[in-house]
Structure formats: C-alpha cells, structure tokens
Amino acid sequence: MKRERLRIQNKKGHKLQAYLELPVDRKPHYYAIFAHCFTCNSNLTAVKNICKALTAHGFGVVRFDFTGLGRSEGEFAESYFSANVNDLIAVNDYIAANYQAPSLLVGHSLGGAAVIVAASIIDNVKAVATVGAPSTVSHVKHHFSHGIEDVKSKGEVEINIGGRPFKIDKTFVEDFDKVDLPEITKNLRKPLLIAHAPLDKIVGISNAHDLYHNAHHPKSFISLDDADHLLSKAEDSLYVGNIIGTWVGRYFKPKDNTMLDTKGEQLVAHLDVKEDEFTTSIQTLKHDFIADEPESIGGNDFGPSPYDYLSASLAACTVMTLKMYAQRKKWDLEEVYVYITYSKKHSDDLMLETDVPKYIDVLQKKIELVGTLDEAQRQRLTEIASRCPVHKTLITDTIIETELLS
C-alpha cells in the first residue's frame, strides 16, 4: 500500500490534514473518502485498517482530520456537524480535481451521519457505507450535554469528552439540531450499507434499525457481532473494510488490475517499511493478497506468512495434480485434502549422513482421499502427489537470480 500526504483547504481557509492510501500498483479503480468518528482523527487504528482493506479491493482511499481535530487547522468549536459535511465536500472537490471523482463515502459513528448528508449533495458519489452511525445528528449531544446550559449563559465553555478537553460554543451546540437526518436518509436514493454491532454501548443498535427503515433499496445491513464501537480489535476493522469492498463491487463495474512496471515478471510484492510493520501487499495481474508475520515477532498477523504461502503453493499444486490425474484415469475421486507442515529439523534427528551436521528444511505432506478407490488407486495417487510441479521444484536444484532495479 502506498500513501500520499495531502493538505486540503476547506471553505474557511483551514488546511485539512489528509492521506491518500493507494493500492500497491498506485492505480486505483475508484476513489473513496473516509470520515472518522466524533472527536477522533484519521490516525485511529480502525480507520487505517478499513482503508488498508479497501485498497486491496482496488480503491484509493482518502482519510482526513475534520477541522480542529488531529493535525487539521482550526478550533474544535468550528467542527460542528455542518462544518464536517463541508469538509467532506472540500475533500471530494480536491480529489475530483486532482485525481478522480470519489465514488464511495465511508463514515464511522458521527462520520457515518456526515457521509449520508454529503452523499445527498455530491452527485459523483454512487454508494455510501456507515459503521456504528447514529440515526439522528442530535444523538451526539449526549457527549457534551453537561456543558449545554453553561454555553447558553457563558457563550463558550470548555468541556471534557472522553478524558480530553474541548471548547464549544452556541453555534456548535445548535447546529446539531438543524439537520433532519431521517428525512435525508429517506431521500438519498443511493446504495447504502449499514454496519453496526448489536452490543454497541455508544451508539445503540436501534440506530441501525432506524437508518435501515428510513433508507430505500438497495440497502444492506451487516452485523458486527461482538465488536465495540471503536472497532478496537484489528480483526473487526479489517472485516468491515473487506465487507465494504465486497459489497460495493455489486454497484461498481469491475476493472482489471494494472500491474506495476515489473519488467515482464509475474508477481510483485510491496512493503511500506515505515508504516506497515511486516504487512506486505502482493499482486498478480488479477489478484491481490497479503502476507504478514505473526504478532509474536512484530507483525500484524493480517495474512499468511511467507512460509504459509510456500506450504500453500505445494498443497494447491498437489490437489490440482491429483484431480487431473484421477480425471484422466476416470477414477472416482471426489475430494482431496492435503495437509502441510513446514519445520526445520536437525540432520541427526532425520538420521541423514551429511558432511557437516546441520538443520534442514522439512515439508511434511499428508494426503486424505475421498471417493470409491481401491488400494492400488490410492497408492498410485500417493505416488503422483510427489510429482506435482511445485513438489519437483522444491526438491530439485533451483536457481534464484537476484537483480537490483534502479
């Protein structure tokens, strides 16, 4: 995944901090904008994970900080709801002018309400996804209800939200009552995905019910099971990103991936050393996947390890070879299971005679055959399993030529 840092000016002249996350080939099929939750910022881990998952579906995703939050300019008191919508419009206009008009808006919590309103204004937006969103904008007022009376008498007060101090004023408070989100949702007429956790303690599940009830088809609901409101667990936020990426494919025309300039090679792998730990994006002409390392050695465990992929290639090649052989012989082979375990074992433990005792790479392959097969057929298939192309590659002399590209 590639990243570009952007500074986008809103209608008040404030510079908004933004990042454009790109697929590994830096050529998105479509663009999306992500709106973060109330008082949060775009560096929330859940936001990054959702954006990362969407890039694997071919999207360029812009995540940005609303006015007065994160590293964007302005004061928090200027980050009232209408201002959030205006920020979304400013980001949309910038991306449309400099890249490609965004087609998807994704919003978390109050950001979900903001993307519904923004989508009702922005013609180029074709689909909307919300995560833990309220069904009314005024819902968020409970976060600062303890300061509303003081605002009426003092004009501006400092309040505490989630352990952090924020200044709010009369405009900030009153703006949350000006937007009729239920009516806007009824008139949206764009595909809407509503993702919500039934046990969300910040924004109750009844909000998802009301949003779904107000929206017109095509509309979809995805339960986030036991996830919390902030999607604190990585598996929850990655699930959300992948669900959105899959869902929106129903409404956007698929496009073939464009490979990086790999000098005619078949596959490219990319790792952002500073940002992604060991999470590596891998792309062939038409497929994207991720490799990673387990958390125990500093990875994010977002995908299989390199040795998992090595084992997977052996297993996949084995089952395909057995299918082709049995099919050619017209044998009744119904299913094949191949189990692979990679390890390193000492030559002494393997009772091998070597010039120098050493550790050796070992791939243990176990095969389970399902079908009406006699013993001779089973033995023959076991022999054939050792003749699949990947198996042969692994046990014969292999030359790997390494070249540094300028």
State which residues pass ring-ring contact (aromatic ring centres under 6.0 Å, His included) with Tyr359; sequence neighbours excluded, sorted by chain then number.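 So Tyr359 forms a ring-ring contact (aromatic ring centres under 6.0 Å, His included) with His346.
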
For His229, all residues meeting ring-ring contact (aromatic ring centres under 6.0 Å, His included), sequence neighbours excluded: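 His229: ring-ring contact (aromatic ring centres under 6.0 Å, His included) contacts with His108.
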
Does the ring centre of [Y] sit less than 6.0 Å away from the ring centre of [X]?
| X | Y | value |
| --- | --- | --- |
| Phe252 | Tyr30 | yes |
| His36 | Phe66 | yes |
| Phe64 | Phe34 | no |

For Glu368, side-chain contact (heavy atoms from CB on, under 4.5 Å) partners two or more places apart: Tyr337, Tyr339

Quick one: side-chain contact (heavy atoms from CB on, under 4.5 Å) partners of Thr279, sequence neighbours excluded? Lys52, Asp276, Ile290, Asp292, Asn300, Phe302

Start with the C-alpha distance between Asp308 and Tyr342, add both sets of side-chain angles, then the distance that settles side chain to side chain contact (heavy atoms under 4.5 Å, CB included), and finish with yes or no. CA-CA 8 Å; Asp308 287 338; Tyr342 167 81; over 6 Å; no

Quick one, Glu383 with Arg378, criterion salt bridge (charged side-chain N to carboxylate O under 4.0 Å, His left out). Give me CA distance, side-chain angles, the key distance, then yes/no. CA-CA 9 Å; Glu383 295 172 7; Arg378 289 178 177 274; over 6 Å; no

Mind checking what makes disulfide (SG to SG under 2.5 Å) contact with Cys37, not counting sequence neighbours?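 Scan of Cys37 (disulfide (SG to SG under 2.5 Å), adjacent residues dropped) gives Cys40.
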
Backbone of [Y] reached by a side-chain donor or acceptor of [X] within 3.5 Å:
| X | Y | value |
| --- | --- | --- |
| Thr354 | Val356 | yes |
| Ser72 | Gln17 | yes |
| Asn187 | Glu183 | yes |
| Ser311 | Tyr307 | yes |
| Ser237 | Ala234 | yes |
| Asp228 | Ser232 | yes |
| Thr67 | Gly74 | no |
| Lys219 | Tyr212 | yes |
| Glu78 | Glu75 | yes |
| Asn207 | Gly204 | yes |

Flag for Asn92-Asn124: side-chain donor and acceptor within less than 3.5 Å: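 Present: a donor and an acceptor within the cut-off.
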
What closest approach, in Å, do [X] and [Y] show between heavy atoms, and which atom pair accounts for it?
| X | Y | answer |
| --- | --- | --- |
| Ile282 | Ala291 | CD1-CB, 3.8 Å |
| Asn41 | Asn43 | OD1-N, 2.8 Å |
| Ala129 | Leu104 | N-CD1, 4.4 Å |
| Ile33 | Pro102 | CD1-CG, 3.8 Å |
| Ala133 | Val203 | O-CG1, 3.6 Å |
| Leu231 | Val131 | CD1-CG1, 3.9 Å |

Leu16 side, atom CG; Ile8 side, atom CD1 - distance, nearest 0.5 Å: 6.5 Å

Among residues at least two apart in sequence or on other chains, which ones pass side chain to side chain donor-acceptor pair (under 3.5 Å) with [X]?
| X | value |
| --- | --- |
| Ser220 | Trp247 |
| Glu295 | none |
| Tyr94 | none |

Between Leu224 and Asp236, is the side chain to side chain contact (heavy atoms under 4.5 Å, CB included) condition met? List the steps. CA-CA 7 Å; Leu224 301 184; Asp236 291 330; over 6 Å; no

Taking C-beta and beyond as the side chain, do Leu22 and Thr55 meet within less than 4.5 Å on heavy atoms?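 When only atoms from C-beta onward are counted, Thr55 and Leu22 do not touch, as no gap falls below 4.5 Å.
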
Is Tyr99 close to Tyr31 at the side-chain level, that is, under 4.5 Å between some pair of heavy atoms? yes

List the atom pairs, donor and acceptor, that lie under 3.5 Å between side-chain atoms in residues 317-325 and the rest of the protein, sequence neighbours left out.
unit_1	atom_1	unit_2	atom_2	d
Thr318	OG1	Leu314	O	2.7
Thr318	OG1	Lys365	NZ	3.0
Thr321	OG1	Cys317	O	2.8
Tyr325	OH	Arg380	NE	3.0

Run Leu394 and Leu310 through side chain to side chain contact (heavy atoms under 4.5 Å, CB included) and show every step you take. CA-CA 10 Å; Leu394 290 171; Leu310 177 68; 3.7 Å; yes

With side chain to side chain contact (heavy atoms under 4.5 Å, CB included) as the test, would you mind laying out the steps for Val362 and Lys344 before giving the verdict? CA-CA 6 Å; Val362 176; Lys344 282 183 175 290; over 6 Å; no

Pairwise salt bridge (charged side-chain N to carboxylate O under 4.0 Å, His left out) hits with a residue in residues 57-72, at least two apart: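 The answer is Glu21-Arg63.
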
Verify side-chain hydrogen bond (donor to acceptor under 3.5 Å, both in side chains) between Thr185 and Asn214, making sure each step is shown before the conclusion. CA-CA 6 Å; Thr185 304; Asn214 290 328; 5.5 Å; no

Sort and list the pairs that fulfil side chain to side chain donor-acceptor pair (under 3.5 Å) and have at least one residue in residues 392-403, not counting sequence neighbours. none

Exercise answer: donor-acceptor pairs, residues 116-123 side-chain atoms, under 3.5 Å, sequence neighbours excluded:
unit_1	atom_1	unit_2	atom_2	d
Ser120	OG	Val117	O	2.5

Output, in order, the C-alpha distance, side-chain angles, deciding distance and verdict of side-chain hydrogen bond (donor to acceptor under 3.5 Å, both in side chains) for Asp87 and His14. CA-CA 10 Å; Asp87 284 350; His14 296 315; over 6 Å; no

